[in-house]
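Model, not experiment: these values are computed from the prediction.
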Amino acid sequence: MTSSQHLYIESDANPRLKRWRRLALEAKAVRRESATVLEGIHLLQTVLEHPEVKINAVMLPEGRTTAEAKALAERAAQTSGTRLYVLSDRLYDAISPVENGVGVMCEIALPAAPAPEKWAAADALFLDGVQDAGNVGTLIRTAAAAGVRVVVAGPGTAGLWTPRVLRAGMGAHFAVDLAEGISIEKFRVAYRGRLLAADARG
């Protein structure tokens with residue numbers, strides 16, 4: 001690409017590509033790097049509605065995207081002051097968290113987790129050992145729709161900021177405060193509200 005804000009990537013050995021692949025596939029990488037990748041027009045639009053969320057990079061496939069996705073990607077890159085990376089379709093598919101995505105992705109820095117003092121007296125949802133990414137994202141979305149503004153996850157729960165959970169959450173991540181790695185014992189000590197429990201095993 002000729003624009004100074006665009007960079008074309010066509011090698012598997014590119015360090016940025018390797019980073020995005022780790023973020024797409026490894027929950028540990030998301031936690032370690034304090035960053036994640038998300039795919040889709042709706043999620044990127046939601047990110048742009050929250051200027052406090054830092055966009056680190058924007059990615060497009062070279063030959064498979066829509067005019068809407070391209071325009072949104074260019075606006076996101078311009079607004080955030082970051083580069084727009086154009087990947088070969090093969091490389092884009094290698095890091096996309098969904099099959100046959102719409103053709104726009106971005107990397108964001110994870111928002112800071114709230115301190116216990118912030119959620120100790122708030123309506124909160126605690127997820128204990130919920131391992132399915134789709135279920136976790138759906139629960140975050142349901143909590144946000146119900147007016148619950150805090151979601152806390154125990155160590156055995158799927159990573160709240162992994163790409164698949166983000167996709168299932170459909171943008172709800174940016175409407176709630178999220179805290180991870182909080183044991184049920186620590187939650188019970190810190191939480192000052194009424195506790196209600198539900199067990200999927202009956």
Do the side-chain N and O atoms of E62 and Y8 include a donor-acceptor pair separated by under 3.5 angstrom? yes
Does any donor atom in the side chain of Y85 or E107 lie under 3.5 Å from an acceptor atom in the other side chain? no
Any side-chain to backbone donor/acceptor pair from [X] onto [Y]? Under 3.5 Å, distance only.
| X | Y | result |
| --- | --- | --- |
| S80 | A76 | yes |
| T79 | R75 | yes |
| H173 | G169 | no |
| H6 | V86 | no |
| Y92 | G63 | no |

Can you check side chain to side chain contact (heavy atoms under 4.5 Å, CB included) on R83 and V58, steps first, answer last? CA-CA 7 Å; R83 277 186 165 177; V58 184; over 6 Å; no
Calculate, to the nearest 0.5 Å, the distance between atoms [atom1] and [atom2] belonging to [X] and [Y] respectively.
| X | Y | atom1 | atom2 | answer |
| --- | --- | --- | --- | --- |
| R16 | N56 | CZ | CG | 8.5 Å |
| D132 | T138 | CG | OG1 | 8.0 Å |
| T162 | R164 | OG1 | CZ | 9.0 Å |
| N14 | K18 | CG | NZ | 9.0 Å |
| L125 | T142 | CG | OG1 | 9.0 Å |
| R31 | E180 | CZ | CD | 7.0 Å |

Scan V47, L110, L48 and name whichever one has a side-chain contact (heavy atoms from CB on, under 4.5 Å) with V53. V47
If you draw a 6.0 Å radius around CD in Q45, do more than 12 non-hydrogen atoms from other residues or ligands fall strictly inside? yes
Which pair of heavy atoms, one from [X] and one from [Y], lies closest together, and at what distance?
| X | Y | result |
| --- | --- | --- |
| L160 | A179 | CD1-O, 3.9 Å |
| L72 | I41 | CD2-O, 3.6 Å |
| G103 | L60 | O-CD2, 2.9 Å |
| A168 | G134 | CB-O, 3.7 Å |
| D89 | P61 | OD1-CB, 3.4 Å |
| A124 | Y191 | N-OH, 4.0 Å |

List the residues meeting salt bridge (charged side-chain N to carboxylate O under 4.0 Å, His left out) with E33, not counting sequence neighbours, and say none if there are none. R19
Check whether any side-chain heavy atom of [X] lies under 4.5 Å from a side-chain heavy atom of [Y], and answer yes or no.
| X | Y | value |
| --- | --- | --- |
| S34 | W161 | no |
| L87 | W20 | yes |
| V176 | V148 | no |
| D123 | V150 | no |

Same cluster or not: [X] versus [Y], using hydrophobic residues (I, L, V, M, F, W, Y) connected whenever any side-chain heavy atoms lie under 4.5 Å apart?
| X | Y | result |
| --- | --- | --- |
| L44 | L166 | yes |
| L91 | L25 | no |
| L84 | L38 | yes |
| M105 | L7 | yes |
| V152 | V30 | no |

Check ion pair R149-D177 (N to O, under 4.0 angstrom): no
Salt bridge check, D12 against R90: does any charged N sit closer than 4.0 Å to a carboxylate O? yes
Please name all residues satisfying side-chain hydrogen bond (donor to acceptor under 3.5 Å, both in side chains) with K186, sequence neighbours left out, ordered by chain then number. none
Apply side chain to side chain contact (heavy atoms under 4.5 Å, CB included) to the pair R188 and I184, showing each step before the final yes or no. CA-CA 6 Å; R188 290 184 62 182; I184 186 64; 4.3 Å; yes
Begin from the C-alpha positions of I9 and S88 and carry the test side chain to side chain contact (heavy atoms under 4.5 Å, CB included) through to its verdict. CA-CA 7 Å; I9 297 178; S88 70; over 6 Å; no
Before you tell me yes or no, could you show the steps for V136 and T157 under side chain to side chain contact (heavy atoms under 4.5 Å, CB included), namely the whole-Å CA-CA distance, both residues' side-chain angles and the distance that decides it to 0.1 Å? CA-CA 8 Å; V136 172; T157 296; 3.9 Å; yes
What class does the angle between the rings of W119 and F187 fall in, given that below 30° is parallel, 30 to 60° is tilted and above 60° is perpendicular? parallel
